[in-house]
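To find a chain, count down the sequence lines: A is the first, B the second, and so on, and within it residues start at 1. All of these numbers come straight from a predicted model, not from anything done at the bench.
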There are 2 protein chains.
Amino acid sequence: MTSTLGYALLGLLAREPATGYDLARMLRRPVGYFWSAGHSQIYPELARLEGAGLVRHTVVEGAGPRATKRYRVTALGRRDVRAWLLATTAEVDEREVLLRVYLLFVLSPAEAVGVVEAIRGHHRSTLQHYRGIALDDSPQDWGPDLVERATLRWGIAFEEGRLAWCDDLLTTITGLVPPAARP
Amino acid sequence: MTSTLGYALLGLLAREPATGYDLARMLRRPVGYFWSAGHSQIYPELARLEGAGLVRHTVVEGAGPRATKRYRVTALGRRDVRAWLLATTAEVDEREVLLRVYLLFVLSPAEAVGVVEAIRGHHRSTLQHYRGIALDDSPQDWGPDLVERATLRWGIAFEEGRLAWCDDLLTTITGLVPPAARP
DNA sequence: ATCACCATGTAAGCTGTTACATGATTAA
DNA sequence: TTAATCATGTAACAGCTTACATGGTGAT
């Protein structure tokens, strides 16, 4: 029943406890580059998450006419984000993929590799699908067909870029040597 | 007052007249790859566009318990999409950029070049902004910083890819020789 | 003094998704 | 006969944006 925004908040709180205001700032920059939300969406969502036992707050000293609430994620909330990240279901959109990657730190490197491989697989099949769309590539006059081919070319370039990025990320994660095994 | 969906419908009808059902099909594939909509959104929007004098319909023969309506765009509607495409205002999202490019055929090649150059400029500055975000690139353990850098790298790769695509598209359009000038 | 930042909340409106509702024709 | 395609509409709900509302502290 948790929305994507809910998982975003849970994940951000897994980094460190924060106020709603802090979260709103993060959801402008840097998280807002791929997943944004205004404070009017955040405060009610935090209340909802607390009602579900996924976060808890303590009142702290602060400026303003109302109480300043510092939220932190509960064990239940942590399990919830983890389950969301591990459930590689349907096609997810661009923005959500970036959010998922941003929150991968709540998983182990091995688990993260599985998620990235699933993302990679999805892009691999989308790319193959796009390549299968045959648009005659003969020299073309100005018109609907020309711009349609431009969008298809973008789709192909996008998926290729994403595949390369996934490979890069997999290499980075796989290349990590656990501290105990280092010389 | 027209929504993005409204412009999408207007643009599609500028290609050729269509029924709401036809439009719904296009907004699944191929338009749906970047801008999708269900029929429950399309029918009310067509009614709204007709109320604003941007489209007109004629009843044609067809299967089904209700009248089959074939819509076509009016001169006013055509002006509306054109104005939308030419108004290069704020940052637009990925999906909308693709929609705009898909509908560029309603403009002249020279006008289209202006639009693509504006898109290019936006991506150029976003790329520069991303490159200005200094994240220390030292060898990193598993954690929030590592995945954050991964998302930034994606942003940079994305903008670079988009720039190259814009250049490609500009070359294609600029390379078009008007029919009258061909040997 | 005025502005920016801290800090929280509600309400109205628009967009988009999913479900409800109807019914004819054609192909497997 | 069962499913897919054609064909149109409404209703309920979820998500997001914009505006309303309040007020303290610190810097210019």
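Considering only residues two or more places apart in sequence or on other chains, B:Arg100 meets the side chain to side chain donor-acceptor pair (under 3.5 Å) condition with B:Glu96. Residues passing the ring-ring contact (aromatic ring centres under 6.0 Å, His included) test with B:Trp35: none are found, sequence neighbours excluded. Qualifying ring-ring contact (aromatic ring centres under 6.0 Å, His included) partners for A:His122, counting only residues two or more places apart in sequence or in other chains: none. In this structure A:Trp165 satisfies the ring-ring contact (aromatic ring centres under 6.0 Å, His included) test together with B:Trp154, sequence neighbours excluded. Listed by chain and number, the residues in a ring-ring contact (aromatic ring centres under 6.0 Å, His included) with A:Trp142 amount to none (sequence neighbours excluded). By the side-chain contact (heavy atoms from CB on, under 4.5 Å) test, B:Phe34 pairs with A:Thr151, B:Val31, B:Leu98, B:Leu99, B:Tyr102, sequence neighbours left out.
If you take CG of B:Leu9 and P of C:dT15, they are 12 Å apart, rounded to a whole angstrom. Computed from coordinates, the A:Glu96 CD to C:dG16 C1' distance equals 16 Å when rounded to whole Å. With rounding to whole Å, B:Tyr7 atom OH is found 15 Å from C:dC14 atom P. Regarding A:Lys69, its NZ atom lies at a distance of 14 Å from the P atom of C:dA7, rounded to whole Å. Residue B:Met1 contributes atom CE, which lies 15 Å from atom C1' of C:dT15 at whole-angstrom precision. Between the CG atom of A:Leu46 and the C1' atom of C:dT8 there is a distance of 11 Å, rounded to whole Å. Across the protein-nucleic acid pair, A:Glu45 atom CD and C:dT8 atom C1' stand 16 Å apart, rounded to whole Å. Remark: C1' of C:dT8 and CZ of A:Arg70 are 15 Å apart, rounded to the nearest angstrom.
Near-neighbour residues of DNA chain D inside residues 10-31 of chain B, defined by a heavy atom below 4.0 Å, number-ordered: B:Thr19, B:Gly20, B:Tyr21, B:Arg25.
Contact check, B:Tyr43 against D:dT8: a side-chain N or O comes under 4.0 Å of OP1 or OP2.
Between the axis at the start and the axis at the end of the helix from C:dA1-D:dT28 to C:dA28-D:dT1 there is an angle of 30°, using five pairs per end and rounding to 10 degrees.
Listed by first and then second residue, the salt bridge (charged side-chain N to carboxylate O under 4.0 Å, His left out) pairs involving residues 35-60 of chain A are A:Glu45-A:Arg48 (not counting sequence neighbours). Every pair passing salt bridge (charged side-chain N to carboxylate O under 4.0 Å, His left out) that includes a residue from residues 76-85 of chain A is listed here, sequence neighbours excluded: A:Arg82-A:Glu111. Pairs passing the salt bridge (charged side-chain N to carboxylate O under 4.0 Å, His left out) check and including a residue from residues 22-36 of chain A, sequence neighbours excluded, read A:Asp22-A:Arg25.
In plain terms, the two heavy atoms of B:Val116 and B:Leu104 that are nearest each other are CG2-CD1, 3.7 Å.
Between B:Trp84 and B:Tyr7, the two ring planes are parallel [angle under 30°; tilted spans 30° to 60°].
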I'd like a list of close polar pairs between nucleotides 17-20 of chain C and the protein, N/O only, cut-off under 3.5 Å.
from   : atom 1 : to      : atom 2 : distance (Å)
C:dT18 : O4     : B:Ser40 : OG     : 2.4

